[in-house]
Participant: 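First, the structure itself, so that you have it in front of you.
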Amino acid sequence: MSVEPASLAVRQHIDLLPTSPFHFEGTVHKPSHFPSSDNAYESACYWFSLRLADATYGVKLTNLGTIDAPRLRLDVFSASEVSAAQLASIRSEIEYRFDLNANLAGFYQDCGQGALLKPVLERWRGARVSNGNSLYEFLVITTVLQNATVRRSVQMMETLFQAYGSQVAFDGKTLSAFWSPRAIDETSEEALRALKLGYRAKTLKRQARAMAAGDIDESALRTLPTDALKARLLALYGIGPASVWYLLFEVFKRYDVFEYISPWEQKIYSRLLFDEELVDANRILREVDARWGQWKMLAAHYLFEDLFWQRKTRSIPWLEALIRL
DNA sequence: CATCAGGGCCCTG
DNA sequence: CAGGGCCCTGAT
């Protein structure tokens, strides 16, 4: 349990040049994600805490460019001086997590003309698959998502931050930061249960154990072909078809993975693709494959996020009913 | 007040 | 491979 926020007062910055086109807002802020105190977003800035190689940093990304001439400022805030090597590894990690070096030209070419996707791609051209979290952190996220409504997931996540995470202050923001898997490895399942995490306590323990034992090399997993990667992820305790689907796409940027659809998303895609309340899951999966092939999850992601952006400016009654805060 | 499903997964039979 | 059990919550 942290007391005072750690002040990250040392600041360094470098410029990043994402591939073009690049959509800053559509990349750093995903309105369909549940809110979490480890990040903050305002028009041209995105702040988040980053835990890397046992150190905690504050990161600020600032948009300095345009869609066709992208340029980002990466500010790294730390408690003590960051070496050039550390800065380089932070940079490459961020490039991976935000997919800054992606080449989506083939996607726009293959999928840009369909009536459904065309206006969405025009609005969000250059948006990337992004997720600021490490594999371990995302395992925790999928665990608190399971069998829970959004409100409860948020509650559990914040409870975990309070009990095992820390607070960092930088650039006028105070954000939560993730813990080391060791922290959960060393705590008891009973202590986790006392936080009202229920049966998830066991899952969190098993996942932290695997990470702390060094069984999982995230950078090695990134290089695996999707089938092999999927098998490795499914072997992790607590990871089933729903969670692995999130992981393959959001963490590992596999644009073609869409073989599972949860009941909640089934209802949303039924509306988006068929303008019906509920369409058979297999029919949805066949449809996205036929429409978008190797880009099917990326295309679906664009549609999905566009819908949640629309929700910010106008009420979408059928969607509100599904979100169930 | 009681009951039940929720953005699943594991384990058993 | 189908189905029960699991933690807690808010909705009904």
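Letters A, B, ... mirror the listed sequences (proteins, then strands); counts begin at 1.
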Participant: Restricting to side-chain contact (heavy atoms from CB on, under 4.5 Å), what partner residues turn up for A:Ala210, sequence neighbours left out?
Facilitator: A:Asp215, A:Ile216
Participant: Output every pair passing salt bridge (charged side-chain N to carboxylate O under 4.0 Å, His left out) with a member in residues 166-179 of chain A, not counting sequence neighbours, ordered by first then second residue.
Facilitator: A:Arg11-A:Asp171, A:Glu42-A:Lys173, A:Lys60-A:Asp171
Participant: Output all residues satisfying salt bridge (charged side-chain N to carboxylate O under 4.0 Å, His left out) with A:Lys253, sequence neighbours left out; order by chain, then residue number.
Facilitator: none
Participant: State which residues pass side-chain hydrogen bond (donor to acceptor under 3.5 Å, both in side chains) with A:Trp292; sequence neighbours excluded, sorted by chain then number.
Facilitator: none
Participant: If you find the nucleotide of DNA chain B closest to A:Lys267 and the one closest to A:Leu234, which residue's nucleotide is nearer the 5' end?
Facilitator: A:Lys267
Participant: Tell me, please, which residues at least two apart from A:Leu278 pass side-chain contact (heavy atoms from CB on, under 4.5 Å).
Facilitator: A:Gln266, A:Lys267, A:Ser270
Participant: Dot-bracket, 5' to 3', for DNA chain C please: Watson-Crick or G-U pairs under 3.5 Å, [ ] where pairs cross earlier ones, | where the partner sits on another strand, dots elsewhere.
Facilitator: ||||||.|||||
Participant: Which whole-number value in Å describes the distance from A:Arg151 CZ to C:dT9 P?
Facilitator: 12 Å
Participant: Take atom P in B:dG7 and the same atom in C:dA2, then report the distance between them in whole Å.
Facilitator: 24 Å
Participant: Quick check on C:dC7: is either OP1 or OP2 less than 4.0 Å from any side-chain nitrogen or oxygen of A:Arg193?
Facilitator: yes
Participant: Between atom NZ in A:Lys205 and atom P in C:dC7, what is the gap in whole Å?
Facilitator: 16 Å
Participant: Which residues pass the side-chain contact (heavy atoms from CB on, under 4.5 Å) test with A:Ser20, not counting sequence neighbours?
Facilitator: A:Asp68, A:Pro70
Participant: Reckon A:Arg200 touches a base, only the sugar-phosphate, or nothing at all at heavy-atom distances under 4.0 Å?
Facilitator: base
Participant: Could you write out each protein N or O paired with an N or O of nucleotides 7-9 of chain B at a distance under 3.5 Å?
Facilitator:
unit_1: B:dG7; atom_1: O6; unit_2: A:Ser32; atom_2: O; d: 3.4
unit_1: B:dG7; atom_1: N2; unit_2: A:Tyr246; atom_2: OH; d: 2.9
unit_1: B:dG7; atom_1: N3; unit_2: A:Tyr246; atom_2: OH; d: 2.8
unit_1: B:dG8; atom_1: N1; unit_2: A:Asn147; atom_2: ND2; d: 3.1
unit_1: B:dG8; atom_1: N2; unit_2: A:Tyr199; atom_2: OH; d: 3.2
unit_1: B:dC9; atom_1: OP1; unit_2: A:Gly240; atom_2: N; d: 2.8
unit_1: B:dC9; atom_1: OP1; unit_2: A:Gly240; atom_2: O; d: 3.2
unit_1: B:dC9; atom_1: OP1; unit_2: A:Ser243; atom_2: N; d: 2.9
unit_1: B:dC9; atom_1: OP1; unit_2: A:Ser243; atom_2: OG; d: 2.7
unit_1: B:dC9; atom_1: OP2; unit_2: A:Pro241; atom_2: N; d: 3.2
unit_1: B:dC9; atom_1: OP2; unit_2: A:Ala242; atom_2: N; d: 3.0
unit_1: B:dC9; atom_1: O5'; unit_2: A:Gly240; atom_2: N; d: 3.4

Participant: Could you check whether A:Arg97 pairs with A:Glu218 (Lys NZ or Arg NE/NH1/NH2 to Asp/Glu carboxylate O, under 4.0 Å)?
Facilitator: no
Participant: List in chain and number order the residues that pass side-chain contact (heavy atoms from CB on, under 4.5 Å) with A:Ser7, two or more places apart in sequence or in another chain; answer none if no residue qualifies.
Facilitator: A:Ala9
Participant: Expressed as a whole number of Å, how far does the P atom of B:dC1 sit from that of C:dC7?
Facilitator: 25 Å
